[in-house]
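A quick write-up on the structure given underneath.
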Amino acid sequence: MTILHVETGRNWLGGPAQVLYIARGQADRGHTVSLVCPADSALGKRAEAAGLDVRFVSYAGDPDPRLFAGMLGAIRAVRPDIVHLHSRRGADTQGAWAARLMGCKVVLSRRVDYPLRNNALVRWQYRRLYDHIIAISDGIRRVVIAGGIPENRVSTVHSSVDIDQFKPDAEAGANARTELGVEPDAPLFGIVAHMIRRKGHDVLFKAVARLTSDHAEMRVGVFGKGEEEATLRAMAADLGIERHLIWAGFREDLPSVLPAIDCLIHPARLEGLGVAILQALSCAKPVIACPVGGIPEAVRPPDDGWLVPVDDDAALADAMRACMDDPTAAAAKGVAGRALMEREFSVDAMVDGNLAIYRKVLGIAAA
């Protein structure tokens with residue numbers, strides 16, 4: 001097959017990482033793979049370094065016609081059997097129109113679990129522009145079907161984690177703790193998320209405030225950046241928890257950082273699946289999260305972590321306290337999480353799952 005992927009995100013976040021896993025895996029299986037990316041995208045640079053064909057486009061956002069023109073040029077040059085769209089920012093509309101104009105089959109990966117907008121245009125777009133929708137979790141698949149899309153047009157292919165890259169590493173963890181200024185025996189939690197409201201940083205900060213009196217040595221690494229950072233810093237000051245927080249910023253070396261934490265906190269209000277969750281579990285770290293979207297497909301209490309109600313800082317604090325009070329049991333949950341990632345969330349399974357959808361759309365019998 002000849003496959004053209006389109007990912008218009010510029011930063012190196014969970015979604016672009018999944019695209020690189022898929023594209024590289026498909027190329028390794030003998031398929032001809034190309035990518036369309038913004039000229040300044042982190043994914044494009046990594047894909048080029050991996051030896052993949054990258055078609056860079058310059059554009060400013062959803063309404064910019066340069067994306068449409070760039071897509072047409074890429075399709076004419078590559079002549080793909082299928083176009084796989086991976087993000088919004090114009091890709092889901094302009095990319096689909098360009099592919100349709102050129103007579104290509106189109107699939108869309110959906111990574112978010114908020115409901116489809118209830119209007120005729122969105123329903124038409126999902127029914128007519130895309131031959132198939134690939135949901136990264138069963139939770140997202142249910143949302144798409146609830147939006148009026150026929151069940152046979154929506155399939156689940158879980159996101160994955162590179163378990164050879166994200167793995168337990170005591171030496172890396174010790175080095176990261178030293179860099180972060182955390183004592184070897186101090187409880188260290190981490191949150192790895194873009195600083196926007198739906199990720200729930202505010203709930204975590206309220207939970208930390210509940211714990212400081214009896215767990216004064218506790219630290220929380222805040223990994224990421226985003227539009228809410230100033231608000232969150234002010235909130236931390238108001239709660240008096242500043243000394244417990246480490247503002248670590250956006251990190252591209254998470255395989256070396258995650259082994260340092262004792263537990264990942266992911267109190268998201270909405271989430272498709274949560275790549276950071278998969279990464280932490282692969283590093284044999286337990287996870288405390290909320291039962292939204294596809295998260296319960298990866299965090300399965302009591303085996304590999306805790307699920308607490310959305311916006312419930314008291315319940316979150318209780319789970320964090322349980323983790324600190326019984327570190328042996330918490331570590332066992334991390335080991336179980338690593339085993340789950342090896343069984344069900346491998347890169348190979350994701351690559352093969354996407355290829356199976358392509359064959360279905362193209363009417364190709366399975367090999």
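All values derive from a computational prediction rather than experimental measurement. Just so you know, these numbers use all the heavy atoms, side chains as well, and skip hydrogens, waters and symmetry mates.
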I'd like to know if the side chain of [X] and the backbone of [Y] have a donor-acceptor N/O pair within less than 3.5 Å.
X: His158; Y: Ser137; value: no
X: Glu228; Y: Ile196; value: no
X: Arg153; Y: Asp131; value: yes
X: Ser282; Y: Phe166; value: yes
X: Arg300; Y: Gly337; value: no

In terms of hydrophobic clusters joined by side-chain contacts under 4.5 Å, are Met341 and Val275 together?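 No; tracing contacts between hydrophobic side chains, which count when under 4.5 Å, never links both residues.
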Is it possible for you to say whether Leu4 and Ile133 belong to one hydrophobic cluster, with membership spreading through side-chain heavy-atom contacts below 4.5 Å?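 Result: yes, single cluster for both.
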Arg269, Arg197, Arg233 screened by salt bridge (charged side-chain N to carboxylate O under 4.0 Å, His left out) with Asp202, the one that passes: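 That would be Arg269.
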Ignoring hydrogens and angles, write down the donor-acceptor pairs under 3.5 Å from the side chains of residues 70-85, residues two or more places apart or on other chains.
| from | atom 1 | to | atom 2 | distance (Å) |
| --- | --- | --- | --- | --- |
| Asp81 | OD2 | Thr2 | N | 2.7 |
| His84 | ND1 | Tyr358 | OH | 2.5 |
| His84 | NE2 | Ser109 | OG | 2.7 |

Think Lys225 forms a cation-pi with Trp247, using NZ or CZ under 6.0 Å from the six-ring centre and within 45 degrees of its axis?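 No, Lys225 does not sit over the ring of Trp247.
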Between Tyr114 and Arg111, is there a cation-pi geometry (under 6.0 Å to ring centre, at most 45° from the normal)?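 No.
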Is a salt bridge present between [X] and [Y], judged by a nitrogen-to-oxygen distance below 4.0 Å?
X: Lys199; Y: Glu227; value: no
X: Lys333; Y: Asp304; value: no
X: Arg198; Y: Asp113; value: no

More than 12 heavy atoms of other residues, nucleotides or ligands under 6.0 Å from CG of Asp185: yes or no?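 Open: at most 12 neighbouring heavy atoms sit under 6.0 Å from CG of Asp185.
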